[in-house]
Undergrad: 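Below: one structure in structure tokens.
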Amino acid sequence: MTDLKTSLSEAVGSAFAAEGVDKALARVTASDRPDLADFQSNGALAAAKALKANPRELAAKVAERLAADPRLSSVEVAGPGFINMKLSNAALAQRAAEVAADTELAGASRVEPRKVVIDYGGPNVAKPMHVGHLRSAIIGESLKRLFRLRGDDVTGDAHFGDWGFQMGLLITACGDEGLADAFMAEGDGPFPAETPVTLADLDRLYPLAAGKAKEDPAFRDRARKATAELQGGRPGYRALWQHFVAVSREALKREYDDLSVDFDLWNGESDADPLMDEMIADLKAKGLLVEDDGAQVVHVAKPGETRKKKLADGSVIEAPSPPPLLVISSEGSAMYGTTDLATILDRKKSIAPDLILYVVDERQAEHFEQVFRAAYLAGYAPEKSLEHLGFGTMNGADGKPFKTRAGGVLKLRDLIDMATQSARYAVDNADLAGDVTPEEREDIAHKVAIAAIKFADLSNNRTTSYVFDLDRFMSFEGKTGPYLLYQAVRVKSLLRKASEQGVALAPIVIEEAAERDLALTLDAFDAATADAYDKRSPNLIAEHAYRLAQSFSKFYAACPILVAPDEATKGSRLALAAATLHQLETALRLLGIETPERM
RNA sequence: GCGCCCUUAGCUCAACCGGAUAGAGCAUCCGCCUUCUAAGCGGACGGUUGCAGGUUCGAGUCCUGCAGGGCGCGCCA
């Protein structure tokens, strides 16, 4: 399956080659001036620059060769040497028919399959998710779906935070409250298979313990000791920890479920732990691990890569940049970079991925730079196979990271509830048919809420921060999730009616301006998915989905379908509508958004 | 102090490898429902792309400087 842009690029490329010009320059793009053309090539400008030729003359020669192409209804040279191309209606109709027939990809295309791991989500045991977890989940899920659609073998890994100091805190707090006496005994057990704690216990205990650790050094030291004993393998602690992990994971899965986010792997930091000793020995053997100020580090800066650094005493020195990766602290414990590095080694052994994508907050960019460089130096991953896909924060109206009115962190659960409530209100006030059951109503409200949140997030550029404004996101007008659902639902309703009336699909014929525009938009899905894939930017999919919905809406207003004058026109327009729905739902699915049957 | 990122219409955001007249949505104003979901469609208004230089036939895009904002800077993750 080839989109028009690509096949025209080939045609222009041949014409370029015939004129003795590098055909790689013959890139065709959608026209900047839809009033003049459908597609354009600016290649003559670049080529003329290289050859010191006259761009208009070159463009004219190329245009002359292209004029014979039956797909093109007009080829013109404009401005300093743009080649403007307009497609024939027949060629557009043929391409639209291709997209319509593509039940699998809706007009998108595949790549050579690679093994890809996407590391996203990053939830923690016993810590309820908050809005800070939202972007990683939404963006990561979307990329996972996009990479899968394009043909890659993708593993989504939640990278569960199950191994740090917070585990020691929980164990200690549990013990103090007498909740898990059976697990406190030393020795090999056996220990109860039933969990001694509920989710409610964990929700309550963690903030309690974290607060206590700050005020009470004795408690903190006991928690540290418990952490060390857990990691050292004390059976009772391990058994209790397993219960924490299981209880938390079930709760987190439900929450991710609500967001239509799911993971193939729930590997945690603990899974990298068994590789730690081996990895450290390996780093030592390779001479990468060196002593520095009491700690063991890996130097990752190349010679000459330095930055100025001001020391505490006020003197300024040249320090390596990026700074060394701290592998073992002066106290002898592993750091989070150590875990990340061991996880790369683990993935190499178990999956051998061609690419690992980390969907993590932009603020950790330098950390990942350090880890990646260390991994390359140690040979744990092929050069350039590790990518940190940073993203900006979700901010409040004041432009600062989102907080509740009380100033606290907003729980993800509460955010979803807020949005669902707002959607419920809108659905209740909509003019829905009377036979909608309360269950369907609730399902619609939920889908609308998730669409609103996700589309708002994914329509923003991944790397920048954005302002969270629920009222704006929930609006059914404009560039929002609910608007897109509305458009999809409108087509579904139309298709139902057509089926009732026995209207049959017919070959696609392109006549009207709105039909041309819709066909061109359907064609552009391939480029949108390819660009989104190359740049790891779901907002390009969001952009396309919106453009498609708009194109359809114009078509819907301008070209009556069920009341068209003849059966051939009805069938053609119906086929365009069906193709639109399929592509729109495909695009929305790539964003992790599901459409209801009606709303 | 050093480094990275950002600054585009009143507001929220786009802009494909440097190309034509910088695009959407919201808000404001004007039209369009006896016809397939008007949660829609059409139109109008709105810009010295933070500022000053430079490279180029051509700069929102590349380079330098400045201003304003955000983030990061070894023993937390």
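Numbered from 1 within each chain, the chains take letters A, B, ... in sequence-line order. This one's a predicted model, so the numbers in the text were calculated from it and none came from an experiment.
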Undergrad: Determine which nucleotide pairs with B/A22, using a 3.5 Å limit on both distances of a Watson-Crick or G-U wobble pair.
TA: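 None - no nucleotide pairs with B/A22, as no candidate has both distances under 3.5 Å.
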Undergrad: Distance between the C1' atoms of B/C51 and B/G19, in whole angstroms?
TA: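 Those two atoms are separated by 25 Å.
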Undergrad: When the P atoms of B/U8 and B/U55 are considered, how many whole Å apart are they?
TA: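 These two P atoms come out 27 Å apart once rounded.
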Undergrad: Toward the 5' end of RNA chain B, which comes first, A/Leu562 or A/Ala426, by nearest nucleotide?
TA: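 The residue mapped nearer the 5' terminus is A/Leu562.
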Undergrad: Expressed in whole Å, how much space separates the P atoms belonging to B/C26 and B/C41?
TA: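 After rounding to an integer number of Å, I get 9 Å for this pair.
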Undergrad: Can you find a donor-acceptor N/O pair under 3.5 angstrom joining the side chain of A/Tyr336 to the base of B/A77?
TA: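 Side chain to base: pair present.
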Undergrad: Roughly, in whole Å, what's the span from CG in A/Asn461 to P in B/G70?
TA: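 Interatomic distance, CG of A/Asn461 to P of B/G70: 20 Å.
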Undergrad: Applying ring pair (Phe, Tyr, Trp, His ring centres under 6.0 Å) between A/Tyr483 and each of A/Tyr546, A/Phe473, A/Phe552, A/Phe476, report the one that passes.
TA: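 Testing A/Tyr483 for a ring pair (Phe, Tyr, Trp, His ring centres under 6.0 Å) against A/Tyr546, A/Phe473, A/Phe552, A/Phe476 leaves exactly one candidate, A/Tyr546.
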Undergrad: Kindly say whether, by distance alone, the side chain of A/Arg472 makes a donor-acceptor pair under 3.5 Å with the base of B/C26?
TA: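 Between B/C26 and A/Arg472, which were checked side chain against base, a qualifying N/O pair under 3.5 Å is absent.
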Undergrad: Going by a 90° cut-off around 0, is B/C33 syn or anti?
TA: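 B/C33: syn glycosidic orientation.
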Undergrad: Could you check whether A/Thr464 gets within reach of a base, just the sugar-phosphate, or nothing at all, counting any heavy atom under 4.0 Å?
TA: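 The answer is sugar-phosphate, as A/Thr464 gets under 4.0 Å only of primed atoms, P, OP1 or OP2.
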Undergrad: Would A/Lys497 and A/Glu500 pass as an ion pair if we require N to O under 4.0 Å?
TA: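 Looking at A/Glu500 together with A/Lys497, the answer is no, because their closest N to O distance does not fall below 4.0 Å.
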Undergrad: Between the side chains of A/Glu515 and A/Arg573, is the shortest nitrogen-to-carboxylate-oxygen separation below 4.0 Å, so that they form an ion pair?
TA: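 Judged by the 4.0 Å cut-off on N to carboxylate O distance, A/Arg573 and A/Glu515 do form a salt bridge.
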Undergrad: Rounded to the Å, how far apart are A/Asp531 CG and B/A15 P?
TA: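 Taking atom P of B/A15 as the reference, CG of A/Asp531 is at 11 Å.
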Undergrad: Could you check how far CG of A/Asn460 sits from P of B/G70, rounded to whole Å?
TA: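 After rounding, the gap between these two atoms is 19 Å.
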Undergrad: Distance check needed: B/C11 P versus A/Glu477 CD, whole Å only.
TA: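 The answer, rounded to whole Å, is 21 Å.
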Undergrad: Both distances under 3.5 Å, Watson-Crick or G-U wobble: report the partner of B/A9, or none.
TA: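 Here B/A9 is not engaged in any pair, so there is no nucleotide opposite it.
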Undergrad: Do the side-chain N or O atoms of A/Lys570 get closer than 4.0 angstrom to the phosphate oxygens (OP1, OP2) of B/C36?
TA: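 No, A/Lys570 has no side-chain N/O under 4.0 Å of OP1/OP2 on B/C36.
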Undergrad: Within the 4.0 Å heavy-atom criterion, would you say A/Asp469 contacts the bases, only the backbone, or no part of the nucleic acid?
TA: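 Nothing, no nucleic acid heavy atom in range.
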Undergrad: Closer than 4.0 Å, any side-chain N/O of A/Gln550 to the OP1 or OP2 of B/G25?
TA: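 Indeed, a polar side-chain atom of A/Gln550 lies that close.
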Undergrad: Classify A/Pro560 by what it touches in the nucleic acid, base, sugar-phosphate, or nothing, heavy-atom distance under 4.0 Å.
TA: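 Base, at least one base atom sits under 4.0 Å.
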Undergrad: Can you measure A/Met167 atom CE to B/A77 atom P for me and round it to whole angstrom units?
TA: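 It is 12 Å, rounded to the nearest whole Å.
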Undergrad: Base, sugar-phosphate, or nothing for A/Asp32, non-hydrogen atoms under 4.0 angstrom?
TA: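 Touches a base.
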Undergrad: Identify whether any heavy atom of A/Asn84 sits under 4.0 Å from a base atom; if not, whether one sits that close to sugar-phosphate; answer base, sugar-phosphate or nothing.
TA: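 Counting heavy atoms under 4.0 Å across all strands, the contact made by A/Asn84 includes a base.
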Undergrad: Between A/Lys447 and A/Asp443 (salt bridge meaning N to carboxylate O under 4.0 Å), is one present in this structure?
TA: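 Yes, charged N to carboxylate O under 4.0 Å.
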Undergrad: Would you indicate what A/Tyr483 reaches in the nucleic acid, counting non-hydrogen atoms under 4.0 angstrom: base, sugar-phosphate, or nothing?
TA: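 Here A/Tyr483 touches the backbone only, sparing every base.
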Undergrad: Checking all strands, does A/Lys127 fall into the base, sugar-phosphate, or nothing category for heavy-atom contacts under 4.0 angstrom?
TA: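 Counting heavy atoms under 4.0 Å across all strands, no contact is made by A/Lys127.
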Undergrad: B/G50 pairs with which nucleotide, Watson-Crick or G-U wobble, both distances below 3.5 Å?
TA: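 Its partner is B/C66 (Watson-Crick or G-U wobble, both distances under 3.5 Å).
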Undergrad: Going by an N to O cut-off under 4.0 Å, is there a salt bridge joining A/Glu543 and A/Lys479?
TA: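 Looking at A/Glu543 and A/Lys479, the cut-off is met.
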Undergrad: Using a heavy-atom cut-off of under 4.0 Å over every strand shown, decide if A/Asp293 touches base, sugar-phosphate, or nothing.
TA: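 Base, at least one base atom sits under 4.0 Å.
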Undergrad: Please work out whether B/C17 sits syn or anti, treating a glycosidic angle within 90° of 0 as syn.
TA: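 With its glycosidic angle within 90° of zero, B/C17 counts as syn.
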Undergrad: Using a 4.0 Å heavy-atom cut-off across all strands, classify A/Glu305 as base, sugar-phosphate, or nothing.
TA: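 Here A/Glu305 touches no strand at all.
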Undergrad: Can you check the A/Glu76 CD to B/A20 P distance for me, whole Å?
TA: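 The distance from CD of A/Glu76 to P of B/A20 comes to 18 Å, rounded to the nearest Å.
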Undergrad: Taking only N and O in the side chain of A/Lys554, is any of them less than 4.0 Å away from OP1 or OP2 of B/G42?
TA: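 So the side chain of A/Lys554 is within the cut-off, an N or O lying under 4.0 Å from OP1 or OP2 of B/G42.
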Undergrad: Give the nucleotide from the list B/C73, B/U37, B/A77 with an atom nearest to the side chain of A/Arg490.
TA: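 So the side chain of A/Arg490 is nearest to B/U37.
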Undergrad: Report the residue (A/Lys5 or A/Phe473) whose heavy-atom-nearest nucleotide on RNA chain B is the more 5′ of the two.
TA: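 Comparing both residues, the 5'-ward one is A/Phe473.
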Undergrad: Heavy atoms only, 4.0 Å cut-off, all strands: where does A/Gly79 land among base, sugar-phosphate and nothing?
TA: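 No contact at all - A/Gly79 keeps every heavy atom at 4.0 Å or more from the nucleic acid.
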Undergrad: Looking only at N and O atoms, is any donor in the side chain of A/Gln487 or the base of B/A39 less than 3.5 Å from an acceptor on the other one?
TA: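 Check fails, no donor-acceptor contact within cut-off.
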Undergrad: Side-chain N or O of A/Tyr556 versus OP1/OP2 of B/G42: is the shortest distance under 4.0 Å?
TA: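 False: A/Tyr556 side-chain N/O out of range (4.0 Å or more) of B/G42 OP1/OP2.
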Undergrad: Using 30° and 60° as the class boundaries, would you call the ring planes of A/Phe402 and A/Phe468 parallel, tilted or perpendicular?
TA: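 Answer is perpendicular, since the angle exceeds 60°.
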Undergrad: Please give, in whole Å, the distance from B/G72 C1' to A/Asp361 CG?
TA: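 So the two atoms are 11 Å apart, to the nearest Å.
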Undergrad: In the strands shown, is B/A44 matched to any nucleotide by a Watson-Crick or G-U wobble pair with both distances under 3.5 Å, and which?
TA: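 Pairing partner: B/U28.
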Undergrad: Just how far, in rounded Å, is P of B/A39 from CE of A/Met599?
TA: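 Distance check: A/Met599 CE to B/A39 P gives 10 Å.
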Undergrad: A side-chain contact here means heavy atoms from C-beta on lying under 4.5 Å apart; do A/Val491 and A/Leu584 qualify?
TA: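 SC-SC contact between A/Val491 and A/Leu584 ruled out.
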Undergrad: Using the side-chain heavy atoms of A/Val563, tell me which of these nucleotides is nearest: B/U35, B/A39, B/G74.
TA: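 Within the option list, the nearest is B/U35.
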Undergrad: Please determine which of A/Arg373, A/Gln370, A/His299, A/Gln296 meets the side-chain contact (heavy atoms from CB on, under 4.5 Å) test together with A/Leu325.
TA: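 Result for side-chain contact (heavy atoms from CB on, under 4.5 Å) with A/Leu325: A/Gln370.
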Undergrad: So A/Ser553, base contact, sugar-phosphate only, or nothing? Heavy-atom distance under 4.0 Å.
TA: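 It contacts sugar-phosphate atoms only.
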